[in-house]
Amino acid sequence: MAAQKPSVPKGTRDFSPVEMVKRNFIFDTIKNVFKRFGYLPIETPSMENLSTLMGKYGEEGDKLLFKILNSGDYLSKVKSNLSEVESNKLALEISEKGLRYDLTVPFARFVVQHRSEITFPFKRYQIQPVWRADRPQKGRYREFYQCDVDVIGSNSLLNEVELIQIIDHVFQDLKVNAIIKLNNRKILLGIAEMIGEPEKFIDITVAIDKLDKIGLEKVNEELLLKGISESAIEKLKPIFELSGSNKEKLSSLKKIVKDSETGLKGVEEIETVLNYFKTLKLNIDLELDLTLARGLNYYTGAIFEVKAKDAEIGSICGGGRYDDLTGIFGLKDVSGVGVSFGADRIYDVMEQLNIFPQEIVASTKVMFVNFGEKEEIYCLPLVQKLREEGVNSEIFPESAKMKKQMTYANNKNIPYVILVGDNEMQSGLLTVKDMVTGEQSELKFEELLQKIS
RNA sequence: GUGGUUGUAGCUCAGUUGGUUAGAGUGCCUGAUUGUGGUUCAGGAAGUCGCCGGUUCGAACCCGGUCUCCCACCCCA
């Protein structure tokens, strides 16, 4: 039988040690910031009941869910006529579980399910993979990690402020130049009301979200196509033409939505958030962007999106406030707000810009060459001592040829190689080779410690 | 889901109008050097030409299907 060619499913990837070291650098950096702001970790299962996931991400979202086939003789339980039933109807009859699509909905489920154990406001972070069945392309995978921070059970806009600070910290620590775009769904709703098309709210937001990508004309075409009247489109025009500083945009916006209570509330919320930053230091740019809409329709208040300034890859972080996500699961009046960092896209940006710190790649600092049994017995306690001193060390596991052992150290980027043979065992010194300069010196153990620390 | 594109050695890629035995660079292995990697030199191994079928005396090359990669749309981290 011919060996089958090994491969992984479309849109999924293996990660080599070098890649994992870099990925862990991103995860660790993000995690440390989360912890510094008082967030605690949780995890939820990779799969959820489809009833938990369906209908939370819009029509498109449902299509992008990976569904898991029921176990056993699932076909025998199908009630519909197989030759007539539609695929998506059948899917629900033979599948009751699916892979999670994001971390926010499982979190809402978690909160409702564990409400009696939770003290509110509940601040949690969660770093796990999610799955989406769309076609892979640049910066888009079928399996990728999200790093979510959310606070639930508090309406305070201080939480929005805190999330912006977290984003600021993360990208500062990662040394990624980024910009936060901020908007508020209430403003978008107010605008929809103003132009007399409140029921077309979703269509309007999706269309204006594309403004910077496809331009005003195409957006207007799309709006017409969705059945929005020309006069309404005409009224939208001044919103697209808003410019200047955040302050200027807000004051002209106030006039536009002056007759919409919701709209004014949204403007006020943004003003409040921005006012906090009059006295807080913020390194990242924070920009009010009226064309930011975000597709997920559970957002009700503030919405955020972060873009890398020096790379073209879509958003690397996004989120917002959701007033009633727990309501779906039976817990009313619990508002939450959170953001999600796209670790894989951040990786792509950092890789493209070549800004991973050099020193994270070297894992082993010292390697002992293995000359044979006698020497092993002599070296092993030394390796142990180095490890006790916190130095990452290893001994080559067999007395292979020098060339092989040196090549191993070289390929693994090990900076120091130690040679201990008859001479060294007699003198009690260690021959230490600096793999960068090629220089060798005979040192006492303590001198070695000093040299490498 | 729609449209386009790619696939040849572990990796990056050549390969003429369809014509003997499919090449290069790099990596790998061996030796020059039995206690010295990264540089140099000599030698060596390595390919169902993505897969299935068709056309042809003959296919890496032409045709059809399929999978995969990448890109755009939809949507999104």
Side-chain angles (χ1 to χ4, degrees), chain A residues 1-13 16 26 30 57-65 87-88 101-104 127-148 178 202 205-207 209-210 213-214 218 222 292-297 304-308 312-319 338-349 367-372 375 396 399-425 431-440:
Chain A
M1 192 170 64
Q4 66 181 58
K5 206 171 198 171
S7 63
V8 295
K10 184 195 281 211
T12 66
R13 298 149 301 155
S16 68
I26 294 175
I30 290 175
Y57 310 106
E59 217 175 298
E60 283 298 319
D62 284 354
K63 285 186 204 155
L64 298 180
L65 284 171
S87 300
N88 18 353
Y101 178 91
D102 71 356
L103 300 177
T104 309
I127 299 177
Q128 288 188 278
V130 302
W131 294 268
R132 294 182 190 178
D134 58 359
R135 272 202 198 175
Q137 53 180 285
K138 186 175 190 143
R140 171 175 287 191
Y141 308 98
R142 287 183 146 182
E143 178 184 60
F144 60 97
Y145 273 74
Q146 290 196 329
C147 313
D148 274 40
I202 303 244
T205 55
V206 166
D209 188 36
K210 293 176 193 163
K213 205 169 173 185
I214 59 175
K218 295 257 168 138
E222 187 167 327
L292 172 62
R294 296 194 60 77
L296 296 172
N297 47 29
F304 314 95
E305 198 158 284
V306 180
K307 293 211 162 172
E312 197 59 51
I313 195 149
S315 60
I316 51 178
C317 176
V339 293
S340 177
F341 293 80
D344 303 79
R345 283 191 177 173
I346 294 172
Y347 180 100
D348 289 347
V349 168
M367 187 195 87
F368 282 75
V369 168
N370 188 324
F371 284 116
E375 291 85 348
F396 200 83
S399 63
K401 283 182 183 159
M402 261 297 244
K403 190 185 169 87
K404 185 173 170 68
Q405 300 194 40
M406 295 300 281
T407 305
Y408 173 87
N410 192 53
N411 289 348
K412 226 175 145 176
N413 263 316
I414 298 173
Y416 299 102
V417 168
I418 301 200
L419 301 103
V420 178
D422 285 332
N423 297 341
E424 287 83 357
M425 286 197 291
T431 297
V432 180
K433 178 167 178 124
D434 182 324
M435 292 295 279
V436 178
T437 61
E439 280 166 17
Q440 274 182 214

Inter-nucleotide [atom1] distance ([N], [M]), Å rounded:
| N | M | atom1 | result |
| --- | --- | --- | --- |
| B:U26 | B:U20 | P | 27 Å |
| B:G7 | B:C61 | P | 12 Å |
| B:A60 | B:G18 | P | 13 Å |
| B:C57 | B:G15 | C1' | 23 Å |
| B:C28 | B:U34 | C1' | 23 Å |
| B:C13 | B:C75 | C1' | 35 Å |
| B:U12 | B:G4 | P | 26 Å |
| B:C73 | B:A14 | C1' | 34 Å |

Rounded to the nearest 0.5 Å, what separates atom [atom1] in [X] from atom [atom2] in [Y]?
| X | Y | atom1 | atom2 | answer |
| --- | --- | --- | --- | --- |
| A:R345 | A:S315 | CZ | OG | 5.5 Å |
| A:F341 | A:I346 | CZ | CD1 | 6.5 Å |
| A:N370 | A:L419 | CG | CG | 11.0 Å |
| A:F371 | A:M402 | CZ | CE | 4.5 Å |

Pairs meeting criterion salt bridge (charged side-chain N to carboxylate O under 4.0 Å, His left out) with involvement of residues 137-148 of chain A, two or more places apart: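 Pairs touching residues 137-148 of chain A that pass the test: A:D134-A:R140.
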
What's the [atom1]-[atom2] distance between [X] and [N], to the nearest Å?
| X | N | atom1 | atom2 | answer |
| --- | --- | --- | --- | --- |
| A:K138 | B:A72 | NZ | P | 7 Å |
| A:K10 | B:C69 | NZ | C1' | 9 Å |
| A:R13 | B:C69 | CZ | P | 12 Å |
| A:L103 | B:C76 | CG | P | 17 Å |
| A:Y101 | B:A77 | OH | P | 7 Å |
| A:Q146 | B:C76 | CD | P | 13 Å |
| A:I313 | B:C70 | CD1 | P | 12 Å |
| A:K218 | B:A72 | NZ | P | 16 Å |

Distance-only, no hydrogens or angles: does the A:Q405 side chain make a donor-acceptor pair with backbone N or O of A:A400 under 3.5 Å? yes

Quick check against the 3.5 Å criterion: does A:T12 have a side-chain atom that pairs as donor or acceptor with the backbone of A:V8?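 Between the backbone of A:V8 and the side chain of A:T12 there is no qualifying donor-acceptor contact (under 3.5 Å).
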
With a 4.0 Å cut-off on heavy atoms, is A:G314 in touch with a base, just the backbone sugar-phosphate, or nothing at all? nothing

Checking all strands, does A:G11 fall into the base, sugar-phosphate, or nothing category for heavy-atom contacts under 4.0 angstrom? sugar-phosphate

Listed nucleotide nearest any side-chain atom of A:K210, set B:C76, B:C75, B:U68: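 Of the candidates, B:C75 comes closest.
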
Listed by chain and number, what are the ring pair (Phe, Tyr, Trp, His ring centres under 6.0 Å) partners of A:F304, not counting sequence neighbours?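 Counting only residues at least two positions away or on another chain, A:F304 forms no ring pair (Phe, Tyr, Trp, His ring centres under 6.0 Å).
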
Who are the ring pair (Phe, Tyr, Trp, His ring centres under 6.0 Å) partners of A:F144, not counting sequence neighbours?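 If we apply the ring pair (Phe, Tyr, Trp, His ring centres under 6.0 Å) test to A:F144, skipping adjacent residues, there are no hits.
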
Donor-acceptor pair under 3.5 Å: do we get one between A:R345's side chain and the base of B:C76?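 Indeed, a donor on one side and an acceptor on the other fall under 3.5 Å apart.
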
A:K404 and A:Y408 side chains, donor-acceptor separation under 3.5 Å: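 There is no such pair between these side chains.
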
Under-4.0 Å salt bridge between A:K433 and A:E439: no

For the residue pair A:Y101 and A:Y57, does the interplanar ring angle fall in the parallel (under 30°), tilted (30 to 60°) or perpendicular (over 60°) class? tilted

Starting at the 5' end of RNA chain B and moving along, which residue's nearest nucleotide shows up first, A:C317 or A:P136?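 Counting from the 5' end, the first nearest nucleotide belongs to A:P136.
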
Between the protein and nucleotides 2-5 of chain B, which nitrogen or oxygen pairs are less than 3.5 angstrom apart?
residue : atom : partner : partner atom : Å
B:U2    : O4   : A:R135  : NE           : 3.3
B:U2    : O4   : A:R135  : NH1          : 2.9
B:G3    : O6   : A:R135  : NH1          : 3.0

For nucleotides 32-42 of chain B, just jot down a letter per nucleotide in 5' to 3' order: B, S or -, based on protein non-hydrogen atoms under 4.0 Å. ---BBBB----

Identify all stems in which RNA chain B takes part, counting only runs of at least 3 consecutive pairs (Watson-Crick or G-U wobble, each distance under 3.5 Å), and give each as one range with another, ordered by first number. B:1-4 with B:70-73, B:10-13 with B:23-26, B:28-32 with B:40-44, B:50-54 with B:62-66

Check whether any side-chain nitrogen or oxygen of A:Q137 sits under 4.0 Å from OP1 or OP2 of B:A72, and answer yes or no. yes

Grab the two heavy atoms, one from A:M435 and one from A:Y416, that are nearest each other, plus how far apart they are.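 What the structure gives for the nearest pair is CG-N, 4.5 Å.
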
